[in-house]
Amino acid sequence: MISFRNNEKFDKDATIILLDKEQVKQKKFLFKDKTVEEELKELIKSGRFSGEKDEVFPSVIKKNGLVLFVGLGKPQDLTLTALRITVKKALLSSFLKKCEEVELIPNAVDEKSVVAIIEGYLIGTYKWEKYKSKPKDDKSTILKNVHLVAPDKKEFRQAAVICRGVNFTRNLVNDNADVVTADLFEKEVKGLVKGHKNVTLEILNEKELRAKGLNLHVAVNQGSNKEPKLIIIKYNGGGAKEGYTAVLGKGMTFDTGGLNLKPSNHIESMRIDMSGAGAVMGTLKNILELKIPKNIIFAMGLAENAIGPGAYKPGDVFTGYAGKSVEIGNTDAEGRLVLADAIAYLVKNYKPARIIDLATLTGACVVALGFDYSGLFSNNDELARQLVHSSNDTDDRVWRMPVYPEIKDYIKSQIADLKNTSSIRGAGACTAAEFLRTFTEGTEWAHLDIAGSAFVENGCRMYFNHGATGAGVRLVTHYLVNN
C-alpha cells in the first residue's frame, strides 16, 4: 500500500532519500531534519556520497530506523524510466530486508516524477511467488507500506489505483493455465461488476457461439475440453448520445499452436497468450474503481488452442460471424480468428465508435520491435496519435506500424475469402493486423500487438521482474480517461 504525507517524519523502519548530483553539489535538500542534513553533508564532504546513479549509502543516525541515501545521477540524464528503476532497486535493497514500513523522500514533487515513483514501487516490487515455499530460516519481512512525502492529490491516488489494476492483470497472466480458464474470467468479471448499476453483461458460451455463427472462435477451441466464451461488459458512464469505445482482448488461456505444434522453448510460457484479455480485465477494474464518465465496452474472446481428436486442421475452411470464409493456413495463427469473430460481433450488435484490441498476436512483432514496445496498427491517424500520446505519458510503450492497401493481397486464399496466414514471406505482424482490419467494416480501429511487451523471461526488464508486465493496462486506461 502507499500513502502520502506533506512532511517527512523519520518515524518508520527506514527512510529512503532520493538525491540527484545537483542537489548534492548545491547541498539543497527537500527535507528539514538537522541531524540527517548534517550527516549527509559530512558524507558529501568525505567523498563517500556524491549522488551518482545507483549509489546507495545506509546510515543509522536515527534511533528508530535506517536512513538510506540513494543517488540518481545527473538531473539532465534522469529519465522517468530510470527513476522507476532506481526506486524499485532501492525498495528491494537488502538494507530493507527487515523493514515493513518505509518513508520515501523524493528528489522532486512534480506530478510526473511522483507518478513514476509510485509506479517504481507498486509495479517494480511486484513478484509472482504464489507457488514458492518460504524457507523456515528466512527471517526477512515483506514491505507492506510506503509513506511517500508528497501531496495527497487525486492524480497520485489515481496512479496507485492504475498500478493495482496492472498487478491484477499480472496475477491472471502468471497463474496456471488450468486455473485461469474462461470460467475463471467469467467469475472474476462478475465479481468486478457486482453492485455497479451502470453495467450490463453478455456472455456467449459454446452453445451461443455456435448458434450465432461465431464459427472461427469455436473452431479454435475444438481440441479442448474447456468451454470457449465471448464476454462483453457494457459500461454506461457517459451521456446517452456519447459513442462507445470498445476494448477487446485476445484470451487464449493456453496456446499449444494446435496441430502446428509449438516447439520446446516456446510452448512452456503459452499461458501468457491471454495477456490481451488480462489487460482488458485490469483496465475494467481501473475504470470501475475510478468511476470514469465515459461509455466503454469491454470484451474478451476466450478459448484454448489444444490438441485433441476434434482439433481444427490446416487446410480447413470456416465461415465466421461476418459471413467471410477463412482458410486455415496454420493452426497457430488462432488468436486472429477469435478476434475476427469478436470484432464482427461488436460492430454489428454494439456499433462502437471505435475499437481497440490487445493481443499477444505475432512473433513477427517481437522480431520487429523487441520486448520494450508494443506494435500499434490503426486505420485512423487521430486515434493512433492519441494512443501514442498515452504511451508517452505512461511509459507503456507503442510504436506505430504500417497499414497499407497492398497488404490485403498477402492474405488472399485460393479456396476461401481470406487466409489466416500470409502467402508471402515477411510482414507477419502487418498481415495479422490486416486480417483483423478486414472485419472492422470501416469502424475506427487500433490493434496493439503485445507479444513482446507482455512478459519478461528469466530475469528483469526495465522495472519489471520475471513474469507478466500488464502491458496495455496503463496505456489504455490513460487513453480512456483522457479522450
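Below, each value reflects all heavy atoms present in this structure, side chains not excepted, and no hydrogens, waters or symmetry copies. Everything numeric here is computed off the predicted structure, so don't read it as measured data.
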Asp396 and Tyr373: CA distance, side-chain angles, deciding distance, side-chain hydrogen bond (donor to acceptor under 3.5 Å, both in side chains) verdict: CA-CA 8 Å; Asp396 199 346; Tyr373 281 79; over 6 Å; no

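- Using a cutoff of 4.0 Å between basic side-chain nitrogens and carboxylate oxygens, Glu289 and Arg164 are scored as salt-bridged.
- In Lys144, the NZ atom is not crowded: 12 or fewer heavy atoms of neighbouring residues, nucleotides or ligands sit closer than 6.0 Å.
- Using modelled atom types, one finds no donor on one side chain facing an acceptor on the other under 3.5 Å when comparing Tyr131 with Asn174.
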Evaluate Asn330 against Thr421 for side-chain hydrogen bond (donor to acceptor under 3.5 Å, both in side chains), listing each step before the verdict. CA-CA 7 Å; Asn330 189 310; Thr421 53; over 6 Å; no

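- Of the N and O atoms on the side chains of Asn295 and Asn236, not one donor lies less than 3.5 Å from an acceptor on the other residue.
- Judged by distance alone, the side chains of Thr15 and Glu8 never bring a donor and an acceptor atom under 3.5 Å apart.
- Annotation: salt bridge (charged side-chain N to carboxylate O under 4.0 Å, His left out) contacts of Glu52 (sequence neighbours excluded): Lys21.
- Residue-environment remark: NZ (Lys132) stays at or below the threshold of 12 foreign heavy atoms within 6.0 Å.
- At a threshold of 4.0 Å, the pair Lys98-Asp13 does not count as salt-bridged, since none of the basic side-chain nitrogens sits closer than that to a carboxylate oxygen.
- A salt bridge is defined here as a Lys NZ or Arg NE, NH1 or NH2 lying under 4.0 Å from an Asp or Glu carboxylate O, and Asp20 with Lys53 fails to meet this definition.
- Take Tyr463 and apply the ring pair (Phe, Tyr, Trp, His ring centres under 6.0 Å) test, not counting sequence neighbours, and it matches no residue.
- Ion pairing between a basic and an acidic side chain is recognised when a charged N comes within 4.0 Å of a carboxylate O; Asp183 and Lys229 show such pairing.
- Checking Lys88 against Asn465 by side-chain atom types alone, a donor-acceptor pair falls below 3.5 Å.
- A donor and an acceptor atom, one from each side chain of Arg354 and Thr245, are located under 3.5 Å apart.
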Side-chain donor-acceptor pairs under 3.5 Å in residues 277-287, sequence neighbours left out?
residue, atom, partner, partner atom, Å
Thr283, OG1, Ala279, O, 2.8
Asn286, ND2, Gly282, O, 3.4
Asn286, ND2, Thr477, OG1, 3.1

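- Residues Thr181 and Thr253 have side chains that never bring a donor and an acceptor to within less than 3.5 angstrom of each other.
- For the residue pair Ser3/His147, the side-chain donor-acceptor check at 3.5 Å is satisfied.
- For Asp332 and Lys262, the salt-bridge test passes: some basic side-chain N is under 4.0 Å from an acidic carboxylate O.
- Between the side chains of Asp449 and Thr362, at least one donor N or O lies within less than 3.5 Å of an accepting N or O.
- A salt bridge is absent between Glu38 and Lys45: the closest approach of a Lys/Arg side-chain nitrogen to an acidic carboxylate oxygen does not fall below 4.0 angstrom.
- For NE2 of His196, the number of neighbouring non-hydrogen atoms (other residues, nucleotides, ligands) closer than 6.0 Å is greater than 12.
- Taking 4.0 Å as the cut-off between side-chain N and carboxylate O, Lys25 and Glu22 do not count as a salt-bridged pair.
- Using a cut-off of 4.0 Å between Lys/Arg side-chain N and Asp/Glu carboxylate O, Arg474 and Glu119 are scored as salt-bridged.
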